[in-house]
Amino acid sequence: MSEKLIELAKRRGIFWPSYEIYGGVAGLYDIGPIGVRIKNKIIELWRRYFIYDNSEFVVEIETPMITPYKVLEASGHVENFTDPIVECTKCHKIYRADHLIEELAKINVEGLSPSELDRIIREKGLKCPACGGELGEVRLFNLLFTTNIGPYTGNQGFLRPETAQGMFTSFKRVFEAFRQKLPLGIAQVGRVARNEISPRQGLIRMREFTIMEVEFFFDPESNVNPPLEKFGNMKLNILRGEDKLKNEKPKEYSIEELLKEKIVLNPWMLYWMATAAKFVTALGMKSYYFEEKLPHERAHYSKQTFDQIVVIGDEKVEISGHAYRTDYDLSRHMKYSGQDMTVFKKYDKPKTIKRKIVVINKDSLNKEDKEFVKNFMSFISSKKPEEIEEFINANEKVNGKNISNYVKILEKEEKVNGEKIIPHVVEPSFGVERCLYLTLLNAYKEKEGRIVLSLPKYLAPYDVAVFPLLEKEELINKAKEVYNLVRERFDTIFDDSGSIGKRYARADEIGVPYSITIDPQTLVDNSVTIRDRDTWQQIRVNINDIVSVLERLFKGEEFNKVGKVINNENE
RNA sequence: GCGGCCGUCGUCUAGUCUGGAUUAGGACGCUGGCCUUCCAAGCCAGUAAUCCCGGGUUCAAAUCCCGGCGGCCGCACCA
C-alpha cells in the first residue's frame, strides 16, 4: 500500500528522497510541485481551524530556526535531548548509561560526564545485563543539530527541535502587541530539525520537517472557560494511561465527561484536542483516537500528554501531540534570562492585604561601630520579615547585642490591584509532512486498475482540469479559451497531450476533482462536460455557467444535483 | 546503531546464483507524427540506465569480494 503511494509520489512529483544524485540522506525528503500544492492547502486548512476560527485569541508569528545555546539550555533540551548511551559490544543492545549504573551499581550518577560514567562502568566491572557482554564506551547522543552562530567557534547554536521556544522567548512582545490579554495563543508554522538515530518510514520520521503548533497561554486560576459548547455533543475516543496498561482499547467519552472526570486535566487542552479532532476529520481521516502518554513516556516539560493517533488499515501514526506544559518554559526562561516573563493580573476589586515589613532603627544602628553594622546587616539581609520576627521573639543576638534594638517588624495594610502570574501553556502540535502523508494514504484508491487520489476537494493540488476531447485545432483553441476563463477563479491545469482517457487518468492520479472537456458539441451549442473524479460521471453545462456550477460543487452540492448526468460511454 | 534481505532507463522490472556475443532486454511513462466524437485504445518514430558510490580479485565484473551510502524488515532508539 505505502509502496504504491511512494511510487506514485515519485512519478507524479509529490515527494521523493532528497539529494538522490549523491545517494540520498536518510530522513530528508523533497516535496515536489504537486506535493507543495497539497501541503500548502493542508497548512491553510490548519490555519483556518486553529487560527482564523479562534482569531479572538490566537495570532501567528515566525521565529528563526537557528537558536542560541542558552535558549535550549533554559528549555531543558540541552540536558534532556542529550542522552549518555552505551552499547554492548557483544549483543549490541543500547542502554542509557546513567540508568544502567543507577540500576546495577545503585549509585546516583546525576550530572556526571560521559567519561566519568565510563570510569564507573570500568571500576565496577559492569556488564551487559542481557548477555553479560563487555560494554563499549559511553558516548553522548544528542538529537539537537548543532551549528555555530557567526565566524567564531565559541558561539554554539542549534537548529530548533520545535518552534515552541520562539513563542516562549517572544511571549512578552506578542502579549504587549496583543494588548495584554489572556488567554493568548501564539501559533507558528515552521521547519524544525531533530537528528534522529535511525529515521525510517519516509515522511513519518524525518530529520527536518515542518511543525504547525500553538502555544496557548492562559491564567490557570481564571474562570474564563474555553467555548467548548461550539463542539456540540461531540465525542472523543480516548485511550487513558491506566487503560493502556491493561491493554484495553480506546473508549468514547463526551466532552463533559472528559472535563468533569478530569480525564483531560485542563479545559483548554480539551478545547484544542476537540479542534484537532475536527481538523483531522477535515483531512479525510475516518479513524483516530487520543492516547494518554504514561509519565515515563512524557517529555520533560509536560504534566499530561495525549498523542492523536490516526488509524489507516494496519498503520497507526501519531499525527499530533497535545501537551500541558504548565508554566515550565516561561519559568525556566525567567530564571535563565533574568527577564520578567510574568503577566500582571488585575483583580476585579482591589484587595487589601496585610504585609509584614522590616523597619530598621537607623538612629540606634548608626551609634554602633562599623564592624557591628556590617555583621548585623548581613544577618538580616537575606531573611524574610517573618523569619526576622521569629529571631526578634527569640531574643537573637548579634555580637552579643539584642537585635530587637535595631530592627522591628510592622504589619502594614496595602491595597493591591492585582498580582503577577506566570501563565500556563497547553500546546497542540502537528507535523505537516505526516498530515500530508496520511492525507495521501487515505486518499489513495484504485478503480478499475487505475489510481485515483480521492483527496478532499479543498486539498486537491488543482481544482479543475481542462481538456480538448481530441487534438483538433478548433477544440484546442476553444479549450484554451475555457481554461483562461476558469483559471481566473480556480486553480486550473490544462492538458492536451495523449488521448482523452490518458488525460483523465493523469488528473485522477494527482487528485483533481473536476475535469472539463471541450468536445465537438461545444462548438455547436457552447456547452462542455464536467467530469467527477470519484464517480467518473459527467454533466453537461453551458460555458457561461461553468464558474457558478463549480462554485456550487466546491460548496459541497452533490454532483448529480447541479446538472443532469449524461452518458458518454463508448459502445 | 546492530542483524537479515535488497539497490539495473522517469516508473516497474529481466539478467546476478553458474563472470565472457547483451549493442544491458522488456513493459509502462514521456516527446513528436498519424489516427481517434469520452476514460491509460491503435500504428509509426523517438527518448532514456557510466547497472547506487568507491576500492579489490580477474585477461574479462551489473554479476564474485571488501568498504561506504540508501531502502525494507526485525531489535534498539524515537525529549
Side-chain angles (χ1 to χ4, degrees), chain A residues 2-4 6-13 16-28 32 72 75-83 85-96 128 130 133 136 139 141-144 161-162 164 194-202 204-207 293 296-302 305 307 318 321 323 325 328 447-452 467-472 475 497-509 515-524 528-533 535-538 540 566-571:
Chain A
S2 58
E3 298 85 54
K4 287 183 180 174
I6 287 162
E7 188 264 311
L8 176 72
K10 279 192 208 165
R11 205 157 42 78
R12 287 291 174 210
W16 57 80
S18 301
Y19 310 116
E20 271 182 303
I21 63 165
Y22 290 103
V25 179
L28 299 181
L72 292 182
S75 70
H77 283 90
V78 171
E79 186 191 339
N80 291 291
F81 240 56
T82 313
D83 296 336
I85 57 171
V86 64
E87 188 175 341
C88 169
T89 53
K90 204 171 136 200
C91 71
H92 301 294
K93 273 201 157 56
I94 291 175
Y95 302 95
R96 278 281 297 266
C128 171
R139 60 205 157 90
F141 189 78
N142 195 333
L143 256 41
L144 295 171
E162 57 174 11
R194 300 176 185 185
N195 203 358
E196 298 281 355
I197 297 175
S198 65
R200 262 184 223 177
Q201 306 167 281
I204 301 294
R205 239 172 106 191
M206 294 165 64
R207 286 196 165 119
K293 303 315 274 182
H296 70 90
E297 296 173 324
R298 288 202 296 261
H300 59 278
Y301 49 68
S302 179
T305 301
D307 281 350
E318 179 198 326
R325 299 180 76 133
Y328 175 85
K447 184 174 161 108
E448 296 172 27
R450 292 186 356 195
I451 297 169
V452 179
F467 311 134
L469 179 65
L470 302 164
E471 280 183 275
K472 288 213 166 103
L475 291 182
S497 136
S499 68
I500 186 66
K502 206 170 263 191
R503 297 192 276 259
Y504 287 144
R506 279 194 283 245
D508 287 346
E509 280 195 344
S515 298
I516 295 173
T517 304
I518 283 68
D519 60 12
Q521 201 178 328
T522 312
L523 305 175
V524 178
V528 298
T529 62
I530 302 180
R531 170 187 179 270
D532 178 68
R533 174 194 65 200
T535 61
W536 298 356
Q537 289 181 322
Q538 287 179 303
R540 186 167 277 281
I566 53 168
N567 183 11
N568 261 339
E569 295 299 314
N570 240 348
E571 291 303 302

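Chain identifiers are assigned alphabetically (A, B, ...) following the order of the sequence lines, protein sequences preceding nucleic acid strands; residue numbering begins at 1 within each chain.
Heavy-atom distances to RNA chain B give each of Y22(A) and R450(A) a nearest nucleotide, and the one nearer the 5′ end belongs to R450(A). Taking for each of A299(A) and G24(A) the nucleotide of RNA chain B with the nearest heavy atom, the 5'-most of the two is the partner of G24(A).
In rA21(B) the base sits syn relative to the sugar, since the glycosidic angle is no further than 90° from 0.
Scanning atom types as modelled, no donor and acceptor separated by under 3.5 angstrom connect the side chain of E3(A) and the base of rC72(B). A donor N or O paired with an acceptor N or O is found under 3.5 Å between the base of rC38(B) and the side-chain atoms of Y504(A).
Using Watson-Crick or G-U wobble geometry with both donor-acceptor distances under 3.5 Å, rA41(B) finds no partner in any strand shown. Remark: rA21(B) base-pairs with no nucleotide; criterion is Watson-Crick or G-U wobble with both hydrogen-bond distances under 3.5 Å. With a cut-off of 3.5 Å on both pairing distances, rA60(B) has no Watson-Crick or G-U wobble partner at all. Pairing partner, rG54(B): rC66(B), with both Watson-Crick or wobble hydrogen-bond distances short of 3.5 Å. In this structure rC5(B) sits in a base pair with rG71(B), meeting the Watson-Crick or G-U test at under 3.5 Å. Under the Watson-Crick or G-U wobble criterion, with both distances below 3.5 Å, rC12(B) is paired with rG26(B).
Taking CG of N80(A) as the start and CG of L144(A) as the end, the distance is 10.5 Å to the nearest 0.5 Å. A distance of 11.5 Å separates CG in L470(A) from CD1 in I518(A), rounded to the nearest 0.5 Å. For the atom pair CD of Q537(A) and CD1 of I530(A), the computed distance is 13.0 Å after rounding to the nearest 0.5 Å.
A cation-pi contact, defined as under 6.0 Å to the ring centre and within 45° of the axis, links R450(A) to W536(A).
When distances are taken from the side chain of K10(A) to each of rU11(B), rC39(B), rC78(B), the shortest belongs to rU11(B). For L469(A), whose side chain is taken as the heavy atoms from C-beta onward, the closest listed nucleotide among rC78(B), rU37(B), rC39(B) is rU37(B). Picking from rC2(B), rC38(B), rA41(B) the nucleotide with the shortest atom distance to the side chain of R200(A) gives rC2(B). In the set rG70(B), rA40(B), rU11(B), rA40(B) carries the atom at the smallest distance from any side-chain atom of A505(A).
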Between N or O atoms, less than 3.5 Å apart, protein on one side and nucleotides 47-49 of chain B on the other: list the pairs.
none

Grab the N/O contacts between the protein and nucleotides 29-34 of chain B below 3.5 Å, and write none if there aren't any.
from    : atom 1 : to      : atom 2 : distance (Å)
rC30(B) : OP1    : R506(A) : NH1    : 2.1
rU31(B) : OP2    : S497(A) : OG     : 3.1

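The distance from atom CZ of R205(A) to atom P of rG71(B) is 12 Å, rounded to the nearest whole Å. Across the protein-nucleic acid pair, R207(A) atom CZ and rC78(B) atom P stand 15 Å apart, rounded to whole Å. Distance I451(A) CD1 to rC28(B) P: 16 Å, rounded to the nearest Å. Between the CZ atom of F467(A) and the P atom of rU37(B) there is a distance of 19 Å, rounded to whole Å. Here the P atom of nucleotide rU11(B) and the CG atom of L8(A) are 13 Å apart, to the nearest Å. As a whole-Å value, the separation of L470(A) CG from rC38(B) C1' is 9 Å. Rounded to whole Å, the distance from CZ on R540(A) to P on rU37(B) is 15 Å. In this structure, CD of E448(A) is placed 9 Å from P of rA40(B), rounded to the nearest angstrom.
Nearest heavy-atom pair across P520(A) and L469(A) is CD-CD2, 4.0 Å. For Q538(A) against T517(A), the heavy-atom pair with the smallest separation is NE2-OG1, 4.3 Å. The heavy-atom pair separating R503(A) from F467(A) by the smallest distance is O-CZ, 3.4 Å. Looking at every heavy atom in both residues, G498(A) comes nearest to E471(A) through O-OE1, 3.7 Å. Between K447(A) and T535(A) the shortest heavy-atom distance is NZ-O, 3.9 Å. In plain terms, the two heavy atoms of Y301(A) and A323(A) that are nearest each other are CE1-CB, 4.2 Å.
No salt bridge links R298(A) with D307(A); every basic N to acidic carboxylate O contact stays at or beyond 4.0 Å. The residues D519(A) and R540(A) are annotated as salt-bridged, a charged nitrogen and a carboxylate oxygen being separated by less than 4.0 angstrom. We find that R12(A) and E509(A) are joined by a salt bridge, their nearest charged nitrogen and carboxylate oxygen being less than 4.0 Å apart.
Among the heavy atoms of the strands lying under 4.0 Å from Q538(A) is at least one base atom, whether or not backbone atoms are also near. Note on E509(A): a base of the nucleic acid sits closer than 4.0 angstrom, heavy atoms only. Using a 4.0 Å heavy-atom criterion, one finds that R531(A) contacts the bases of the nucleic acid, with or without backbone contacts as well.
rA21(B) and rC64(B) are spaced 15 Å apart, taking the P atom of each and rounding to whole Å. When the P atom is compared between rG25(B) and rU50(B), the two are found 14 Å apart, to the nearest whole Å. Of the P atoms belonging to rA61(B) and rG20(B), the separation is 11 Å, rounded to the nearest Å. rG56(B) and rU11(B) have their C1' atoms separated by 34 Å, given to the nearest Å. For the P atoms, the distance linking rG10(B) with rC52(B) amounts to 12 Å, nearest Å. Rounded to whole Å, the P atom of rC69(B) lies 22 Å from the corresponding atom of rC77(B). Comparing rG70(B) with rC28(B), their P atoms are spaced 35 Å from each other, to the whole Å. Comparing the C1' positions of rU16(B) and rU22(B) gives an interatomic distance of 14 Å, to the nearest angstrom.
Between S499(A) and rA40(B), a side-chain N or O to OP1/OP2 separation shorter than 4.0 Å is absent.
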